[in-house]
There are 2 protein chains.
Amino acid sequence: MRLREAALELYAERGYDATTTSEIAARAGVTERTYFRHFADKREVLFDGEAELREVMTAAIASAEDSLPPLSLVLRAYTAATPLFVAGRPVAERRARIIAATPALQERAHAKSAALTEALISALTQRGVPEPTARLAARAGAAIFERASRAWTGTSAQDLTSLVVQASHELRALT
Amino acid sequence: MRLREAALELYAERGYDATTTSEIAARAGVTERTYFRHFADKREVLFDGEAELREVMTAAIASAEDSLPPLSLVLRAYTAATPLFVAGRPVAERRARIIAATPALQERAHAKSAALTEALISALTQRGVPEPTARLAARAGAAIFERASRAWTGTSAQDLTSLVVQASHELRALT
DNA sequence: AAGGAAGTGACAGTGACTGACACCAACTAC
DNA sequence: GTAGTTGGTGTCAGTCACTGTCACTTCCTT
């Protein structure tokens with residue numbers, strides 16, 4: 001979508017607050033009205049990989065072996081999504097800079113990851129995990145993955161999966 | 001503040017989307033402009049206990065005994081804040097209903113609790129806890145407290161602190 | 001009494017977002 | 001082939017969240 005690219009450019013060039021949706025639309029060669037037919041609001045342009053991510057991760061939970069404990073299911077979901085992260089790397093980096101500079105976008109980012117966590121919880125409960133346990137597992141998994149992910153983008157050398165395992169041990173050590 | 005009460009009433013009566021900031025101001029007996037001198041935006045009226053909460057919790061971490069491990073510090077912070085939760089109970093309940101019915105407010109709520117987590121992380125690192133460990137502990141603590149808090153509002157019978165301990169064991173069992 | 005700080009009202013302006021209607025392609029049915 | 005349907009778009013008008021600016025009051029200080 002050209003709107004996405006246009007927004008990415010403009011937000012990077014002059015900042016989120018200083019760009020109007022009308023400008024984004026203009027750079028993409030369409031009308032402001034058309035912009036709002038594709039994205040719900042000014043922020044949403046930067047957050048539409050989410051749906052695919054959610055599907056991949058919930059599918060990973062749904063199709064995992066029966067023997068796995070809840071937290072492993074969650075971690076499995078995250079590692080199943082690593083191809084998406086790797087593929088989206090170049091865009092994700094530009095995006096991250098913009099979000100880091102814009103409180104309104106950070107808010108949306110938190111909402112998205114909260115929604116993702118809810119989706120994982122729902123995938124777990126559909127497999128029979130009781131809801132309170134599912135909540136705890138999903139949030140623990142998110143914490144573990146965030147920790148691993150930070151280490152990953154920091155060094156960018158190691159394998160993500162092994163970093164996840166390592167972070168799990170760290171969490172275990174904390175409890 | 002009368003603006004807070006006015007907003008609470010109007011959001012409950014006709015819903016968040018269907019009330020204007022102008023109406024809130026009018027019910028409080030002031031101008032819309034005055035509303036925006038007190039609150040940054042239409043959502044913020046419902047979220048200003050946050051500052052006090054953050055101070056109490058970070059102070060609890062800063063003033064705890066030296067021997068406590070990171071996760072205990074975080075849980076200590078949450079239990080230190082329970083008087084605030086108890087005191088704010090009646091308002092919190094009305095507030096919760098409104099937030100549950102309004103995606104925009106849920107977004108803000110997530111942002112607030114993320115900001116709180118960041119504050120706890122910072123309080124931990126100021127005590128010498130390395131940042132990655134602090135992040136993990138803060139997020140684990142948040143997960144534990146959420147679980148305990150849900151059980152608390154559900155039954156409303158038991159002591160919150162013991163529910164926190166119980167939730168900690170649940171998390172330990174998951175790892 | 002003079003002056004400064006803090007809170008407010010009035011007013012004008014920008015920009016995000018919505019609803020309604022018309023237009024134009026491409027594809028389907030008959 | 002023509003009619004109708006579907007999906008994407010432009011246009012226009014309108015609402016409302018939010019901001020900058022100026023003037024005014026009140027209260028507190030010196």
Side-chain angles (χ1 to χ4, degrees), chain A residues 1-52 94-95 98-112 115, chain B residues 1-52 94-95 98-112 115:
Chain A
M1 175 98 53
R2 290 163 61 202
L3 280 167
R4 182 163 38 241
E5 182 58 27
L8 227 28
E9 291 173 9
L10 285 168
Y11 289 167
E13 287 173 15
R14 60 187 81 164
Y16 173 85
D17 292 319
T19 89
T20 68
T21 55
S22 181
E23 290 168 342
I24 297 172
R27 178 165 303 199
V30 294
T31 313
E32 191 185 14
R33 191 68 185 85
T34 295
Y35 170 93
F36 283 108
R37 287 198 182 96
H38 289 275
F39 302 103
D41 57 40
K42 192 183 173 187
R43 311 175 189 179
E44 202 65 15
V45 220
L46 299 186
F47 300 90
D48 54 346
E50 266 296 313
E52 191 188 359
R94 299 163 64 196
R95 216 183 65 120
I98 296 168
I99 293 176
T102 317
L105 293 174
Q106 294 168 33
E107 205 171 335
R108 177 60 49 85
H110 284 132
K112 289 294 182 185
Chain B
M1 174 95 53
R2 290 162 63 203
L3 279 167
R4 181 162 38 243
E5 182 57 26
L8 227 27
E9 292 174 9
L10 286 168
Y11 289 167
E13 286 172 15
R14 60 186 81 165
Y16 173 85
D17 291 319
T19 87
T20 68
T21 56
S22 182
E23 291 168 340
I24 297 172
R27 178 165 302 198
V30 295
T31 312
E32 192 186 14
R33 192 66 185 87
T34 295
Y35 170 93
F36 283 107
R37 288 197 181 97
H38 288 276
F39 301 103
D41 57 39
K42 192 184 173 184
R43 311 176 189 178
E44 202 66 14
V45 220
L46 298 187
F47 300 90
D48 54 346
E50 265 295 314
E52 191 188 359
R94 299 163 64 197
R95 216 184 64 121
I98 297 168
I99 293 176
T102 318
L105 293 174
Q106 294 168 31
E107 204 171 336
R108 177 60 51 85
H110 284 132
K112 289 294 183 185

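Worth knowing before you read on, the calculation uses all heavy atoms, side chains too, and leaves out hydrogens, waters and symmetry mates. Chain A is the first sequence line, chain B the second, and so forth, proteins listed ahead of strands; every chain is numbered from 1.
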Open item on the list: Tell me whether the count of non-hydrogen atoms from other residues, nucleotides or ligands lying under 6.0 Å of CZ in B:R2 goes above 12.
Closed with: no
- [ ] Round to a whole Å and report the spacing from OH of B:Y35 to P of D:dT19.
- [x] 11 Å
TODO: For B:I24 and D:dC18, give me the distance from atom CD1 to atom C1', rounded to whole Å.
DONE: 13 Å
- [ ] Write down the distance between CZ (A:R33) and P (C:dG15), rounded to a whole number of angstrom.
- [x] 19 Å
- [ ] Locate the shortest heavy-atom distance separating A:Y35 from A:D41; write the atom from each residue and the value.
- [x] OH-O, 2.7 Å
- [ ] To the nearest 0.5 angstrom, please state how far the OG1 atom of B:T20 sits from the NZ atom of B:K42.
- [x] 7.0 Å
Open item on the list: Whole angstroms only, please: what is the CD-P distance between A:E44 and C:dT18?
Closed with: 12 Å
TODO: Give a yes/no on whether any side-chain N or O of B:S22 is located under 4.0 angstrom from OP1 or OP2 of D:dA17.
DONE: no
Task: Option among A:R108, A:R4, A:K112, A:R95 that satisfies the side chain to side chain contact (heavy atoms under 4.5 Å, CB included) test with A:L46 - done: A:R95
TODO: Ignoring backbone atoms, test whether B:T34 places a side-chain nitrogen or oxygen under 4.0 Å from the OP1 or OP2 oxygen of C:dG9.
DONE: yes
TODO: Find the distance B:F39:CZ to D:dA17:C1' and express it as a whole number of Å.
DONE: 16 Å
- [ ] Using whole Å, report how far CZ of B:F36 lies from P of D:dC16.
- [x] 13 Å
Open item on the list: Does A:R37 contact D:dG10 through a side-chain donor or acceptor facing the base, at a distance under 3.5 Å?
Closed with: yes
Task: Contact nearer the 5' end of DNA chain C, comparing A:D17 with B:G29 - done: B:G29
- [ ] Compare side-chain N and O positions of A:T21 against OP1 and OP2 of C:dA16 and report whether any pair is under 4.0 Å apart.
- [x] yes
- [ ] Give the rounded distance in Å between these two atoms: CG of B:D41 and P of C:dC17.
- [x] 13 Å
Task: Whole-Å gap separating C1' (C:dG7) and CZ (B:R2) - done: 14 Å
Open item on the list: Checking contacts here: which listed nucleotide (C:dT8, C:dA16, D:dA17) is nearest the side-chain heavy atoms of B:H38?
Closed with: C:dT8
